[in-house]
Amino acid sequence: MDSESVESIEMWNYGSFDAFSFSLAVDNEIRSGTSSNLGASSPLHSFASLLDIAIRSRTSSNWETSSANSYAFGLDNAIRSRTSSNLETSSAYSFAFGVDTAIRSRTSSNWETSSTHSFAFEEDRTPSNLGSFRVPSFSSGVDYVIRSSSGGTDSETSPVHSFAFAAGASQMAANVTGHVAKGLQLFSREELVAATNNFSLHNKIGVGSFGVVYGGLLVDGREVAIKRNETSPKMKEFQEIVFGYLVTFLGRLHHEQLVGLVGFCEEEDEKLLVYEYMKNGSLYDHLHHKGSVELNSWKMRIKIALDASRGIKYLHYYAGTNIYRDIKSSNILLDDTWTARVSDFGLSSLMKAVGTIIDPEYYGQYVMTAKSEVYAFGVVLLELLTGKRHILCGEDGGTPLSVVEFAVPPILDGDLAKILDPRVGAPHVNEAKAVELMAFTAIHCVNLEGKDRPSLAEIVVNLKRALAIICDSSTHDSISNHTIFDVSE
Ligand SMILES: Nc1ncnc2c1ncn2[C@@H]1O[C@H](COP(=O)(O)OP(=O)(O)OP(=O)(O)O)[C@@H](O)[C@H]1O
C-alpha cells in the first residue's frame, strides 16, 4: 500500500500478548501475535469468523479445507467446526458462542453441564468457573472481554494462547460501556437533551435510516450532530446492530476525511450517536437544492472529489473489504472549511448484514464488491461535473435518465463542454485539462464491468493530479487558493 493508505487505526492490543491464534474484526482484518494478516506467513492455528460467515484458518481461506482445530460462529448463529456445520455432531474441541449468547460445546448445548475443554464467555461476563476448566483456548465475547483458563477477564493480563473476537454487534450494544472504541465519550441523555434544546424541531437538521438528526451544542462549546434512534419496533434490531457496531468498532476509525463519531448515549430504549458537526451540510444539498456559490469553481469541485476519495480509500483499506459504504452525495458532508468528509460509513453494509440474518437469499442476490463502491463514487464525480442528480427526470415527462447515461456518451465523444454544470461555467484554458482528467476518471469508475473500473488508489492519484494541475494554473487566481484546504498525506 502506498503512503496514503497507512494512516493508523487503533488495534486491539494484541501486540502485547503472544497469541497463537488471531482475531478477526468486523473490519475483516485478521491479526495474530506475529502478523496482521492471515496469509501464509502467519503461524496461526486457530481462526475466527467473519461478518460474512466465512471461516478461515492459517492454511486456507476456507474452513472446509482448513487444518484448524477450532472454529467460530457466524452472524447467522450457526456453529461450525472443521468437520461439521453443526456443533452437536462436530468433533471440535473448541466452540463458539452465538449471537443469541447461548454457549455450546462439543457435548452439550449448555455451558454449566458441559465437559468441554474449551469455553466461551457468559453473557453476564462472570468468568466464575473459568479457573476450573482446562481450556487451552478461548473465545472472546461480544463484549470484547477475553478470557483464558488461567487468566482473568482482561486480555492484557491473560496468558492466552489463542483468542478470537466476534462481531455480535447487537449484544455489543447491550454491554457496551467500558468496551467502546477508545476516545469515545459516553454522554448522559440529560446532556444531549440540554444540547438539543430537548430535541426541539428547531434543532432538527435531517432524517436518515438510523433516525432523526439534530444539531446540538455541548456545554464545552463543541457543536455536534446527534442521531437519535426511531422507536418503532421494526427498526429496533437494525438500530441495535448499527449502534453496537459503530461504538465498538467504527468509532476507532479516524481520518481527516471521515465524519468522526464523538460519542454516544444509551439509556433504556434511547440510543444516541454524537458526531462532529459538519457546518456546511451535504454535497447533495449544495449541488441539487441550494446551488451554493462556493461550489461554482472547478477547483473546489475537484478538491471535494479528492477529499471524498481519500476518505473512501481509507475506509476501504482499514474498515475491511467486505464492509461496503453507502457512497452517495448525501453522505459526503462538508465541514466549515469546505473539506469533504464521508459519513455513514458501514451503515449500508450493516443493513445487508441484518438482511443476512432475516433472509439469507438477500445476501446472495445483492453482492456488493469494492468495485461497487467505485461505481457509486463515479456517479458522485458525474454529479460534481454536471450538477445533475443521480437520476434525471426525462424531458417533457419522458423516461428518466441516469446521470451515467446522460454524461458518458458526450465525454467519450470529446464533447465534455456539453454536459458540464453551467453554474460553474466553461473551464478556463488551464482548468480544462484538470476537468477532463476528472471526467475520464468518472467514466472509468462507471464502466459496466467491475474489472474495468479503477482502484480507489488510482482514483485518488488521478484526482490529486487534477487538483495539482488546477492549482498550478491558478496561482495568480484570486479566488480559490485561500479558500481551499488541502489535507496533507
Ligand atoms: N455530522 C453531521 N453534521 C451535519 N449534518 C449532518 C451530520 N450528519 C447528518 N447530517 C444531516 O442530516 C441528514 C441525515 O443524515 P443521515 O446520515 O442520518 O442520513 P442520510 O445519509 O441522509 O440517509 P441514510 O441514512 O439513508 O444514508 C444529512 O443529509 C445531513 O444533512
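What's counted below: heavy atoms across the whole structure, side chains too, no hydrogens, waters or symmetry copies.
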Give a yes or no on whether the backbone of [Y] and the side-chain of [X] come within a donor-acceptor separation of less than 3.5 Å.
| X | Y | answer |
| --- | --- | --- |
| Glu270 | Glu267 | no |
| Arg301 | Leu384 | yes |
| Asp335 | Trp338 | yes |
| Asn280 | Leu334 | no |
| Asn203 | Gly215 | yes |
| Arg453 | Tyr375 | no |
| Glu276 | Gly260 | yes |
| Arg423 | Leu287 | yes |
| Arg341 | Leu258 | yes |

If I compare all heavy atoms of [X] with all of [Y], which pair ends up nearest, and what's the gap?
| X | Y | value |
| --- | --- | --- |
| Ile302 | Val435 | CD1-N, 4.3 Å |
| Ser329 | Ser282 | O-CB, 4.2 Å |
| Ile459 | Pro454 | CG1-CG, 3.8 Å |
| Ala340 | Ile332 | CB-CG2, 3.8 Å |
| Leu186 | Phe264 | CD1-CE1, 3.4 Å |
| Leu192 | Cys265 | CD1-CB, 3.7 Å |

For Met438, the option from Asn462, Leu382, Leu385 that meets side chain to side chain contact (heavy atoms under 4.5 Å, CB included)
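Checked Asn462, Leu382, Leu385 against Met438; only one passes side chain to side chain contact (heavy atoms under 4.5 Å, CB included): Leu385.
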
Find the distance between [atom1] ([X]) and [atom2] ([Y]) and round it off to the nearest 0.5 Å.
| X | Y | atom1 | atom2 | result |
| --- | --- | --- | --- | --- |
| Glu266 | Lys271 | CD | NZ | 4.0 Å |
| His444 | Thr441 | NE2 | OG1 | 8.5 Å |
| Glu436 | Glu431 | CD | CD | 13.0 Å |
| Leu456 | Lys313 | CG | NZ | 8.5 Å |
| Tyr277 | Leu333 | OH | CG | 10.5 Å |
| Leu467 | Lys299 | CG | NZ | 7.0 Å |

- Query: Can you say whether the rings of Tyr314 and His255 are parallel (under 30°), tilted (30 to 60°) or perpendicular (over 60°)?
  - Reply: tilted

Check your understanding: Parallel, tilted or perpendicular for Tyr284 and His288, by the 30°/60° rule?
Key -> perpendicular

Taking the side chain as every heavy atom from C-beta outward, state whether [X] and [Y] have any pair of such atoms under 4.5 Å apart.
| X | Y | result |
| --- | --- | --- |
| Pro427 | Leu420 | yes |
| Tyr275 | Ser343 | no |
| Val379 | Val446 | yes |
| Thr196 | Leu217 | no |
| Asn296 | Val293 | yes |
| Val274 | Gln185 | no |
| Ile391 | Leu401 | no |
| Leu295 | Ile304 | yes |

Does atom [atom1] of [X] have more than 12 heavy-atom neighbours, drawn from other residues, nucleotides or ligands, at distances under 6.0 Å?
| X | atom1 | answer |
| --- | --- | --- |
| His202 | NE2 | no |
| Arg389 | CZ | yes |
| Lys279 | NZ | no |

Does the structure place the NZ or CZ of Lys388 under 6.0 Å from the centre of the six-membered ring of Phe406, at an angle of no more than 45° from the ring's axis? yes

Would Lys204 and Phe199 count as a cation-pi pair here, with the cationic atom under 6.0 angstrom from the ring centre and within 45° of the axis?
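No.
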
Go through the steps to decide whether Arg310 and Lys464 satisfy the test side-chain contact (heavy atoms from CB on, under 4.5 Å), and finish with yes or no. CA-CA 10 Å; Arg310 283 173 164 158; Lys464 257 165 91 173; 3.7 Å; yes

| query | Run the side-chain contact (heavy atoms from CB on, under 4.5 Å) check on Thr386 and Val403 step by step: do they pass? | reply | CA-CA 8 Å; Thr386 63; Val403 72; 3.6 Å; yes

Pair Val460-Leu306, side-chain contact (heavy atoms from CB on, under 4.5 Å): steps then yes or no:
CA-CA 6 Å; Val460 171; Leu306 174 61; 4.1 Å; yes

